[in-house]
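Naming convention: chains lettered A, B, ... in sequence-line order (proteins, then strands); numbering from 1 in each chain.
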Amino acid sequence: MNFKYIKLFTIAVLVAFSAVNCNDDDDNINMQPMGPDFSGTYTQEDQMGRPAVNTVFVSSGMKDIFNTTIPSQQSASFQSMFQTNLEALSPAYNDPTDANALGLTSAQFTGLLATDVLNVSLDGTTTFFDGTNVLTGRALADDVITVELLLIFGGEDFSENPSLSNDNVDANDKAFLSSFPYLATPW
Amino acid sequence: MKKTKFLIASGILAVVTLVAIAADHIDAPAVQGGTSDITDFYAFQGENSSNIAFVANVQGLLSPGDATSNAAFDENVMIEFNIDTTGDNVEDLVIQAVAKEGKIYVFGPSVPGQTGLNSTVLSNSINQLSVDITPYGQDAIVESSGGIMAFAGPRDDPFFMDFAQYGQIIAGNATGFNDPGSDTFAGTNVMSVVVEVPKSLIGGSGTINTWVETKRKQ
């Protein structure tokens with residue numbers, strides 16, 4: 001019995017010695033964080049910048065392709081489709097000089113939307129639209145659908161098509177938290 | 001294996017088969033109802049105004065009860081926040097979140113090895129932390145490291161819209177919204193990942209362009 005323990009102890013010392021040697025040889029190996037296997041390549045399936053863009057402006061049959069087109073190529077590939085679909089949805093835009101409350105014509109508005117990224121200010125208020133700030137982020141309480149409906153249907157001063165430019169759901173069904181993680185507890 | 005349970009009883013299913021739904025819920029055939037389906041994306045200044053919080057929600061329209069308690073993050077799906085600091089709509093920094101064995105591992109903000117449709121996990125990032133996925137019905141579990149905070153677990157879907165009436169309008173069955181409207185997403189949950197980072201780690205000042213992606217291990 002004792003002899004077995006001595007053998008084990010000797011092996012342990014040798015292993016420890018070798019391990020120290022390895023450590024000296026290549027620090028990088030031992031700096032790898034221990035834990036799960038994160039190897040492999042991950043390939044894109046879905047993406048999103050601004051709310052409802054794929055849903056509203058991309059034709060059925062193209063939605064998966066939109067989700068796997070990188071943002072820097074989206075405008076070149078999809079702007080004309082966005083414009084066609086916007087003008088079908090809101091015919092006032094068929095007049096090339098007709099503009100929304102941001103002063104954007106059909107071509108200009110869809111040029112903005114087709115690159116589906118969210119612009120976020122690092123210098124202050126972050127909101128989709130709060131009456132003053134435009135596209136400086138997206139806060140949880142922002143009524144983004146009404147903002148988008150207003151920009152699609154509301155015309156130059158938000159007065160056109162009132163029955164289409166507000167869904168009359170203005171807030172979430174649960175209050176948000178003032179502190180991290182901000183989202184309300186589940187139902 | 002479908003983890004998303006639709007609110008069939010309230011008739012929503014009939015509507016979603018006509019048009020894709022809402023913010024990004026069920027937006028496209030390849031992802032709808034699956035574990036990589038993004039429902040929403042938010043980015044806003046944190047309670048600490050030196051920080052930006054990023055929110056990615058996946059797997060929408062979870063009913064309370066079994067559907068939510070059985071929902072899980074797919075260990076083969078990476079949720080990746082992309083950040084363009086130079087205005088060319090190409091990511092300069094990414095924040096990756098991957099679920100493993102009951103935790104979400106968060107890597108970044110870090111410079112990705114490659115941009116575009118394929119990614120590898122930046123497991124050597126100097127910025128990294130892990131947090132236990134908060135079980136349904138328990139208080140939010142939050143971890144922080146180096147000024148970065150992370151949370152993952154089921155939450156109330158923060159999105160609100162009278163989607164059902166929008167569907168009626170698009171289908172030609174109605175000429176406008178109702179007043180008051182009815183929030184189609186009331187009483188439903190999503191799987192959320194929330195990561196808050198110091199602005200100093202994502203450009204410091206100015207405007208960033210940001211978007212979220214789901215990527216599946218090949």
**Request:** Below 4.5 Å from any heavy atom of chain B, which atoms of A:I65 appear? Answer side chain, backbone, both or neither.
**Result:** neither

**Message:** Need one label for A:F153: side chain, backbone, both or neither, based on atoms under 4.5 Å from any heavy atom in chain B.
**Reply:** neither

**Item:** Contacting moiety of B:A53, where chain A heavy atoms sit under 4.5 Å
**Value:** side chain

**Message:** Any side-chain to backbone donor/acceptor pair from A:R50 onto A:V117? Under 3.5 Å, distance only.
**Reply:** yes

**Fill in**
From the list B:A56, B:S205, B:S36, the residue making the most non-hydrogen contacts under 4.5 Å with chain A is B:S205

**Message:** Tell me if the CG atom of B:D139 is crowded by more than 12 foreign heavy atoms within 6.0 Å.
**Reply:** no

**Asked** Is it the side chain or the backbone of B:A150 that comes within 4.5 Å of chain A heavy atoms, both, or neither?
**Response** backbone

**Fill in**
Bottom line for A:T146: the part with an atom under 4.5 Å from chain B's heavy atoms is neither

**Message:** Using side-chain heavy atoms (C-beta onward) and a distance below 4.5 Å, is B:Y42 in contact with B:N57?
**Reply:** yes

**Request:** Check each atom of A:T115 against the heavy atoms of chain B and say whether the ones under 4.5 Å are side chain, backbone, both or neither.
**Result:** side chain

**Asked** Counting a contact as any heavy-atom pair under 4.5 Å apart, which residues of residues 86-94 of chain B contact chain A?
**Response** B:D88, B:N89, B:V90

**Request:** Considering only heavy atoms and a distance below 4.5 Å, find which of A:P51, A:P162, A:S165, A:A139 pairs most often with chain B.
**Result:** A:A139

**Prompt:** Side chain, backbone, both or neither: which part of B:I202 has a non-hydrogen atom closer than 4.5 Å to chain A?
**Reply:** both

**Message:** Using modelled atom types and a 3.5 Å cut-off, is there a donor and acceptor pairing between side-chain atoms of A:D142 and backbone atoms of A:T127?
**Reply:** no

**Max heavy-atom pair count under 4.5 Å with chain B, selected residue of A:S178, A:S60, A:G137** = A:S178

**Item:** B:S119 and B:K215: side chain donor to acceptor below 3.5 Å
**Value:** yes

**Request:** Might you point out which heavy atoms bring A:G111 and A:S75 nearest each other, and give the distance in Å?
**Result:** O-OG, 4.1 Å

**Message:** Is A:L164 close to chain B through its backbone or its side chain, or both, or neither, when contacts mean heavy atoms under 4.5 Å?
**Reply:** both

**Asked** Is it the backbone or the side chain of B:I38 that comes under 4.5 Å from a heavy atom of chain A, or both, or neither?
**Response** both

**Message:** Does any backbone or side-chain atom of A:N67 lie under 4.5 Å from a heavy atom of chain B? Answer side chain, backbone, both or neither.
**Reply:** side chain

**Item:** Segment of B:N178 engaging chain A (4.5 angstrom heavy-atom cut-off)
**Value:** backbone

**Prompt:** Are any non-hydrogen side-chain atoms of B:Q165 and A:D167 less than 4.5 angstrom apart?
**Reply:** no

**Prompt:** If you count heavy-atom pairs under 4.5 Å between each of A:A141, A:S163, A:G61, A:G40 and chain B, which one has the most?
**Reply:** A:S163

**Request:** Identify which part of A:Y182 has an atom lying under 4.5 Å from any heavy atom of chain B, answering side chain, backbone, both or neither.
**Result:** side chain

**Request:** Identify which part of B:T115 has an atom lying under 4.5 Å from any heavy atom of chain A, answering side chain, backbone, both or neither.
**Result:** neither

**Within residues 103-124 of chain A or reaching into it, pairs that qualify as salt bridge (charged side-chain N to carboxylate O under 4.0 Å, His left out) - sequence neighbours excluded** = none

**Item:** B:D157 versus chain A, the contacting section by heavy-atom distance below 4.5 Å
**Value:** backbone

**Message:** In the structure I gave you, are the side-chain heavy atoms of B:I148 and B:V195 within less than 4.5 Å of one another anywhere?
**Reply:** yes

**Interface moiety of B:F159 toward chain A, non-hydrogen atoms closer than 4.5 Å** = both

**Request:** Counting only heavy atoms closer than 4.5 Å, note whether B:S130 contacts chain A via side chain, backbone, both or neither.
**Result:** neither

**Message:** Please classify the contact between B:I208 and chain A as side chain, backbone, both or neither, with a heavy-atom cut-off of under 4.5 Å.
**Reply:** both

**Request:** Counting only heavy atoms closer than 4.5 Å, note whether A:V58 contacts chain B via side chain, backbone, both or neither.
**Result:** neither

**Request:** Would you check if the distance from the ring center of B:F163 to the ring center of B:H25 is below 6.0 Å?
**Result:** no

**Fill in**
Looking only at B:T214, B:T207, B:D84, the option with the highest number of non-hydrogen pairs under 4.5 Å against chain A is B:T214

**Request:** Identify which part of B:A43 has an atom lying under 4.5 Å from any heavy atom of chain A, answering side chain, backbone, both or neither.
**Result:** both

**Message:** Please verify the inter-ring angle class for A:F57 with A:F82; under 30° counts as parallel, over 60° as perpendicular, anything in between as tilted.
**Reply:** parallel

**Leading residue by heavy atom contact count with chain B [cutoff under 4.5 Å; candidates A:V144, A:N119, A:L149]** = A:N119

**Prompt:** Just by distance, do the side chain of A:K174 and the backbone of A:T185 share a donor-acceptor pair under 3.5 Å?
**Reply:** yes

**Item:** Rounded distance (nearest 0.5 Å) linking atom CZ of B:F160 with atom CG of B:D162
**Value:** 12.5 Å

**Request:** Output yes when a side-chain donor or acceptor of B:S49 lies under 3.5 Å from a complementary backbone atom of B:Q45, and no otherwise.
**Result:** no

**Prompt:** Is there side-chain contact between B:D156 and B:F185, with heavy atoms separated by less than 4.5 Å?
**Reply:** no

**Request:** Please look at B:V58 and chain A and tell me whether the side chain, the backbone, both or neither of the residue comes under 4.5 angstrom of a heavy atom of that chain.
**Result:** neither

**Item:** Per-residue contact mode, B:K100 against chain A (heavy atom under 4.5 angstrom)
**Value:** side chain

**Message:** For B:T39, which atoms come within 4.5 Å of any heavy atom of chain A: side chain, backbone, both, or neither?
**Reply:** backbone

